[in-house]
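The structure appears right after this line, and notes come after that.
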Amino acid sequence: MFMTIDTFNQQLMAFLQASPTPFHAVENIRSVLDQHGYERLLEDAAWSLQKGGRYYVTRNDSSIIAFVFGSSAIVESGIRMVGAHTDSPTLMVKPRPEKVQDYFQLGVEVYGGALLNPWFDRDLSIAGRVVYRDKTTSQLARALINFGRPVAIIPSLAIHLDREANNSRKVNPQTDIPPIMFEGGSSECKDFREILARQLLIEYPALGKTGDVDSLEVLDYELCLYDTQPAAQVGLHGDFIASARLDNLLSCFAGLQALLEADGSQTCMLICTDHEEVGSASACGAQGPMLQSTLARMLPDTEQRARAISRSLLISADNAHGVHPNYVDRHDGSHLPILNRGPVLKTNANQRYATNSITGALFRQWCDQEDVPLQSFVTRSDMGCGSTIGPITATVIGVPTLDVGVPTFAMHSIRELAGWRDAHNLSRVIAASYRHKGSLSIPGA
């Protein structure tokens with residue numbers, strides 16, 4: 001039996017809080033899969049897949065594909081796929097970030113299409129992946145780190161020094177957003193890599209004695225800043241969930257919970273890839289070869305694989321734009337997604353979304369089966385439209401695809417807002433798609 005809304009959302013909020021970076025998100029997804037008996041596959045090792053088996057594979061520590069190798073004939077029944085992405089717009093620390101004058105600041109680079117104004121006056125922390133060397137053995141190793149507490153802030157310029165701030169203030173990403181970490185005259189180390197080495201020893205005491213930074217050397221890193229304010233249920237009646245990274249860890253979590261409900265009869269797959277916010281063109285992005293490689297190893301025969309893909313379906317799950325009550329004019333008047341009124345089926349005539357009448361009808365049917373309301377979204381005809389991994393994956397492997405997502409406010413802000421009921425409903429419908437038996441195609445007249 002599927003968990004209750006409140007239980008689902010409490011676990012979702014814990015997942016969001018524990019996943020400040022794609023690396024941490026994948027690590028947390030892995031942990032859940034391990035607890036449920038999934039076997040880890042290594043890309044550089046031989047695979048021996050068994051019917052009824054449950055597996056996962058990772059790439060770059062930031063992308064993961066998990067699947068149930070169903071007992072039904074995969075060539076005949078196809079694969080029920082769900083795709084989401086692990087990354088969110090953020091501020092990434094530059095390779096030589098130290099800016100030391102009266103204050104120690106970090107040079108940062110904007111990742112993805114971030115809304116920058118909400119980053120000011122937030123209690124920020126730092127997390128990500130570091131690669132380090134043991135100086136005694138010269139052995140390289142990597143580890144995830146998370147300061148886990150406010151260690152930086154980007155203060156706003158007082159309105160007294162910018163009287164037009166509420167009318168025309170613009171944010172220069174090079175000069176206006178380097179965060180402050182501590183006083184420049186402090187006795188604290190001024191080498192950021194040494195600060196990271198100290199943090200490594202705090203989080204991994206087995207690496208050496210705390211404070212003994214001479215034993216480690218941080219060679220490189222991929223680190224981002226994040227807001228330490230935890231996810232919360234908000235609203236007078238608790239109608240909403242507010243958090244960082246709802247786009248798109250919410251969809252990753254919804255897909256994961258649905259996959260755990262799969263009964264093993266059908267081949268089901270969850271694909272959570274990195275770098276969607278910057279185009280997905282990477283070795284571990286949706287435009288890269290990770291999914292193709294996984295499918296080829298599941299079905300080595302080219303003929304069988306082509307038949308299976310043609311009978312498969314991908315649900316591209318990525319947040320949708322809820323109609324903001326203060327900006328209703330930014331939406332098409334006949335397509336106004338409301339928070340807490342169900343997931344949103346997204347269509348676009350110019351293929352920015354991959355939904356068509358066949359894939360959309362399948363999703364509508366599953367919503368009917370689960371008694372879940374469904375909304376529709378198309379962008380205004382005089383406005384541009386974003387995109388997702390849906391069209392990218394459909395183009396790369398040729399799988400029939402639809403685009404769906406939970407309606408959201410403040411997308412790409414440091415803190416986004418969604419309906420309390422919507423993620424749970426989306427996960428239930430995804431679970432129904434994983435249970436679907438028989439053909440995913442619709443016969444002609």
Side-chain angles (χ1 to χ4, degrees), residues 17-31 34 40 42-45 56-64 86-88 90-100 104-111 124-152 178-182 184 186-226 228 245 272-275 278 282-285 290:
Q17 188 64 19
S19 305
T21 73
F23 305 115
H24 290 84
V26 167
E27 182 68 19
N28 291 320
I29 292 171
R30 279 187 52 206
S31 177
D34 288 339
R40 185 178 186 182
L42 301 177
E43 288 196 294
D44 62 355
Y56 69 86
V57 60
T58 66
R59 179 175 287 189
N60 189 48
D61 301 326
S62 63
S63 294
I64 186 167
T86 59
D87 60 322
S88 302
T90 188
L91 303 181
M92 303 288 296
V93 182
K94 290 183 175 180
R96 296 181 63 187
E98 298 90 349
K99 295 176 176 291
V100 185
F104 182 93
Q105 294 177 268
L106 291 178
V108 293
E109 183 177 8
V110 179
Y111 175 89
L124 303 175
S125 192
I126 299 171
R129 181 174 68 179
V130 299
V131 178
Y132 63 93
R133 175 167 56 203
D134 184 318
K135 290 184 179 180
T136 60
T137 65
S138 295
Q139 181 68 41
L140 294 181
R142 68 185 191 272
L144 304 188
I145 66 169
N146 180 5
F147 283 78
R149 59 186 178 88
V151 296
I180 296 172
M181 286 193 73
F182 52 88
S186 167
S187 60
E188 180 78 23
C189 169
K190 306 301 191 299
D191 182 340
F192 184 63
R193 281 174 168 77
E194 186 172 325
I195 294 172
L196 297 179
R198 293 179 187 276
Q199 182 65 22
L200 265 174
L201 291 171
I202 292 172
E203 296 191 43
Y204 303 93
L207 295 179
K209 187 170 62 177
T210 300
D212 183 19
V213 293
D214 291 338
S215 63
L216 297 178
E217 181 183 9
V218 173
L219 299 182
D220 218 331
Y221 54 79
E222 293 157 276
L223 299 170
C224 70
L225 286 94
Y226 71 93
T228 57
R245 302 176 296 282
C272 298
T273 48
D274 197 0
H275 300 141
V278 292
S282 71
C284 58
M290 185 180 181

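Keep in mind that what you see is a predicted model, and the values were worked out from it rather than measured. For reference, positions follow the sequence shown, starting with 1.
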Closest non-hydrogen atom pair between T90 and L225, with its separation:
OG1-O, 2.9 Å

Minimum heavy-atom distance between P95 and R193, given as atom pair plus value:
O-NH1, 3.0 Å

So, do D34 and Y56 sit near enough that their side-chain heavy atoms are less than 4.5 Å apart?
yes

Could you tell me which non-hydrogen atom of M92 sits nearest to which non-hydrogen atom of C224, and how far apart they are?
SD-CB, 3.6 Å

Do L223 and L196 have side chains that get closer than 4.5 Å, going by heavy atoms?
yes

Value rounded to 0.5 Å, distance of CD in E203 from CD1 in I145:
6.0 Å

Does the distance from a Lys or Arg side-chain N to an Asp or Glu carboxylate O, for K135 and E217, drop under 4.0 Å?
no

Closest approach of D191 and E98, non-hydrogen atoms and distance?
OD1-OE2, 3.7 Å

Considering non-hydrogen atoms only, spot the tightest contact between T86 and D274 and give its length.
OG1-CA, 3.5 Å

Okay, side chain of S125, backbone of R149: is any donor-acceptor separation there less than 3.5 Å?
yes

Among C272, C284, P22, S282, which one satisfies side chain to side chain contact (heavy atoms under 4.5 Å, CB included) with S63?
C284

With side chains defined as the heavy atoms from C-beta onward, is the minimum distance between V131 and V218 less than 4.5 Å?
no

What residues, two or more places apart in sequence or in another chain, satisfy salt bridge (Lys or Arg N to Asp or Glu O under 4.0 Å) together with R142?
D61

Please enumerate all residues that pass side chain to side chain donor-acceptor pair (under 3.5 Å) together with E109, with sequence neighbours excluded.
none

Kindly compute the distance separating CZ (F147) from CE (M181), expressed to the nearest 0.5 Å.
5.5 Å

Heavy atoms only: give me the nearest L140-R133 pair and the separation to one decimal.
CD2-CB, 3.9 Å

State, with a plain yes or no, whether a side-chain heavy atom of T136 is found less than 4.5 Å away from one of S215.
no

Step-by-step side chain to side chain donor-acceptor pair (under 3.5 Å) determination, R59 to T273
CA-CA 9 Å; R59 179 175 287 189; T273 48; over 6 Å; no

Under the rule for side-chain contact (heavy atoms from CB on, under 4.5 Å), what residues qualify as partners of K190, not counting sequence neighbours?
V100, F104, F182

For E27, all residues meeting side-chain contact (heavy atoms from CB on, under 4.5 Å), sequence neighbours excluded
R30, L144

What residues, two or more places apart in sequence or in another chain, satisfy side-chain contact (heavy atoms from CB on, under 4.5 Å) together with P97?
V93, L106, F192, Y221

Candidate pair L42 and V57, rule side chain to side chain contact (heavy atoms under 4.5 Å, CB included), full reasoning:
CA-CA 6 Å; L42 301 177; V57 60; over 6 Å; no

Does S19 have any side chain to side chain donor-acceptor pair (under 3.5 Å) partners at least two apart in sequence or in another chain, and if so, which?
N28

Any N60 side-chain heavy atom under 4.5 Å of M290 side chain
no

Roughly how far, to the nearest 0.5 Å, is OH of Y226 from CG of L124?
10.0 Å

Nearest 0.5 Å, what's the CZ-CG distance between F23 and N146?
13.0 Å

From CZ (R129) to CG (D220), nearest 0.5 Å:
9.5 Å

